[in-house]
Each structure stands twice: as structure tokens, then as C-alpha cells.
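Below you'll find the structure, written out as C-alpha cells, and then a few comments.
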Amino acid sequence: MIRPILAANWKMNKTVGESLDFVNRLKKLVIGINDRQVVIAPSFTALYPVGAALKESGIGLAAQNLSDNREGAYTGEVSARMLADAGCTYVIVGHSERRILFGESNDIIHDKIGMALEFGMQPIFCIGETLQEQEAGRTFEVIEKQIKEGLNQIKADDIKKMVVAYEPVWAIGTGKTATPEQAGEAHAFIRQLMENLYGKEPARRLPLIYGGSVNPDNIGKLMAQPDINGALVGGASLDVDTFGKIIAF
Ligand code: PGA
């Protein structure tokens, strides 16, 4: 059994004060909930104070991005070492907004995954097709390429430290969720592909989470799919009571 992961991706929202207010309320909501892993991904500026507030709470801290370089003259970038030092145990890599708005290629994402692993953080590796690709019937082909290039030469041992997030781009922030069957089918495909690439054991243990307009009303049906092990939640994670309902699915 994979412990479900419910991760909040706050994107470019919330100040330090707003972030702390949220997590202090969240900590009370999740007292006694041990059968699922909650993760919060605030902005870079809020990582350190949020991490301090989350100490001993069991709630994980994720960065939303990291540099593909180790250190040096990369103005404005944040390295894996800095993020681990700030308390991150997870980092979101290859979110579609990074791919589409900031031109991140599978190769860059691959290097970022390597950096995250090297510094002991679990990458939450995002994949998913655009609306155009979906309409052209290319969903599986696109996610296969993203996985093969993003994980190129990453060893089965490291796969055990990863989370894969399937996020169809057409479902992100649009209110248009994939149906549980659509999402379940994509997840089953991903699990089978991972088994072909890395063997049964790493594939069976890999948390595969779904993202794209997840809310308190659809989380239950999504989680009922055998290959869906959690959710990466954007918009609906910004309000603590709404996110609390998703956690309590
Ligand atoms: P959404 O975002 O829940 O607002 O669709 C999900 C994500 O981008 O991870």
C-alpha cells in the first residue's frame, strides 16, 4: 500500500505572514491524521519560516522549482543545496507552467531531478499532455517521452525516492478535471511504463499523484482509482478549510 500524498502547490500566492497563518491552522486540522502524507509548496520566500513552523508536524515542505545548476553565477536561481538547507524534503520539478511559460525542456527537467536527488529531496516530477496533444490522441506518446527523457539514466534505486504527478495541462486551473476513468487510465499506463523501465518493485511502490482542478467534490472518486495515490492541488489548496476537506477525502 502506498501512503496517499496530498500536496498543495501554492504557485505565486501568499506572503510569509499568509503562509504561516495557513500552516498554523492546517496543523490543527491534521492532528491525528497519520495515514496520509500532506505536503505544502509555498513560494521561495516563505520556505524557511514555513519549514520552521512545520517542524515535528509530519507535514512535508516542498519547493516549487530549483536550479539545474549546482552553484555559481546564475543570478536569481535557487539551488538544490539551498532548498535542502531551508528544510525542503520535496521539490516540484517540471510543472507544466515551468515547461510552457519558462521553456523548460525534458533535458533541463532531467538535470533538476538529478540535483534534487543528490541533495536528498524527493522530486515531484510533473508530466502531462496539452489539450492539442490530447485531441490528437497523443496523450500516451507524450507522457512516455516526458518520462523517458526526464528520467534518462536515473537508477531504479532513485526511482524509489520519487513521486510522479500526472497533470493534464488542459485540466490545470480550468475547472475541467479529467474524469476518474481518464485519470485512472493514464496512471495505469504510467505504472506499466515504469515497470517496463525499472522493474516491478520500484513501479509498484512509486506514488503516482493526479493534478488538475482537484477539489473536495472530486477527490474521493479520483482516489478510488487503483493507480491514483494522491493529488497535487493548486487553486483549491489556497484556502485551508477547502484543502482540509481534500486531505480528509
Ligand atoms: P489546479 O492546479 O488545482 O489549480 O488545477 C494544479 C497544479 O497546477 O498543480
Side-chain angles (χ1 to χ4, degrees), residues 4-14 18-19 22 26 36-44 46-47 50 59-66 88 90-104 109 112-113 116 121-134 139 142-143 146-147 150 162-180 182-184 186-187 190 207-223 225 228-249:
I5 298 173
L6 289 311
N9 174 12
W10 286 350
K11 310 192 179 183
M12 200 171 72
N13 293 288
K14 294 192 193 292
E18 289 160 356
S19 304
F22 182 110
L26 180 69
R36 46 204 77 185
Q37 174 68 56
V38 178
V39 178
I40 302 289
S43 64
F44 283 134
L47 281 173
V50 166
I59 299 171
L61 182 70
Q64 298 174 16
N65 183 30
L66 80 168
C88 293
Y90 295 86
V91 55
I92 299 172
V93 183
H95 189 280
S96 64
E97 285 151 17
R98 302 289 327 164
R99 291 176 186 266
I100 294 164
L101 304 174
F102 301 96
E104 282 190 16
I109 291 161
K112 291 186 174 196
I113 290 172
M121 293 177 289
Q122 274 188 263
I124 301 176
F125 170 38
C126 300
I127 54 174
E129 80 287 2
T130 63
L131 180 61
Q132 243 184 349
E133 290 161 344
Q134 191 222 25
T139 297
V142 168
I143 56 188
Q146 288 171 332
I147 287 180
M162 295 195 54
V163 177
V164 172
Y166 170 63
E167 299 204 300
V169 178
W170 47 270
I172 294 179
T174 56
K176 220 174 120 182
T177 334
T179 64
Q182 259 175 327
H187 282 234
I190 295 163
L208 288 181
I209 67 178
Y210 169 80
S213 299
V214 172
N215 61 44
D217 296 328
N218 59 27
I219 183 73
K221 286 213 171 86
L222 288 162
M223 291 305 296
Q225 292 289 321
I228 299 186
N229 310 118
L232 183 55
V233 189
S237 75
L238 292 171
D239 175 77
V240 71
D241 294 315
T242 309
F243 188 52
K245 285 183 194 148
I246 293 173
I247 294 168
F249 72 89

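Counting starts at 1 for both ligands and their atoms, following the listed order. Index from 1, following the sequence.
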Query - Residue, atom name and distance, where the atom is the protein heavy atom closest to atom 9 (O) of ligand 1 - result: E167 OE2, 2.6 Å
**Report entry** Heavy-atom nearest neighbour of atom 8 (O) of ligand 1 within options E97, K176, H95, Q64
**Finding:** H95
Requested in this report: Give a yes/no verdict on whether any heavy atom in G211 is under 4.0 Å from an atom of ligand 1.
Outcome: no
Query raised in the report: How far does CD1 of I5 sit from CD of Q122, to the nearest 0.5 angstrom?
Result: 6.5 Å
Report task. Report the part of A171 (side chain from C-beta onward, or backbone N, CA, C, O) that has a heavy atom under 4.0 Å from ligand 1; answer both or neither where that applies. Result -> backbone
Report task. Can you sort out the partners of T130 under side-chain hydrogen bond (donor to acceptor under 3.5 Å, both in side chains), two or more places apart, ordered by chain and number? Result -> E133
Requested in this report: Go through the side-chain N and O atoms of N65 and K112 and say whether any donor and acceptor fall under 3.5 Å apart.
Outcome: yes
Requested in this report: Report, as yes or no, whether the 6.0 Å neighbourhood of atom NZ on K245 holds more than 12 heavy atoms from other residues, nucleotides or ligands.
Outcome: no
Query raised in the report: Which bit of N9 gets closer than 4.0 Å to ligand 1, counting heavy atoms only: side chain, backbone, both or neither?
Result: side chain
Requested in this report: Examine S213 against ligand 1 and note whether any of their N/O atoms are separated by less than 3.5 Å.
Outcome: yes
Query raised in the report: Atoms of ligand 1 less than 4.0 Å from G212 heavy atoms?
Result: 5 (O)
Report task. State the atoms of ligand 1, each with its element, that fall below the 4.0 Å cut-off from a heavy-atom position in K11. Result -> 2 (O), 7 (C), 8 (O)
Requested in this report: Report, as yes or no, whether the 6.0 Å neighbourhood of atom NZ on K221 holds more than 12 heavy atoms from other residues, nucleotides or ligands.
Outcome: no
Query raised in the report: Any idea which of A8, G234, G173, G235 brings a heavy atom closest to atom 5 (O) of ligand 1?
Result: G173
Query - Heavy-atom pair with the smallest gap, counting every atom of M121 and V91 - result: CB-CG1, 4.3 Å
**Report entry** Any donor-acceptor N or O pair under 3.5 Å, side chains Q132, W170
**Finding:** no
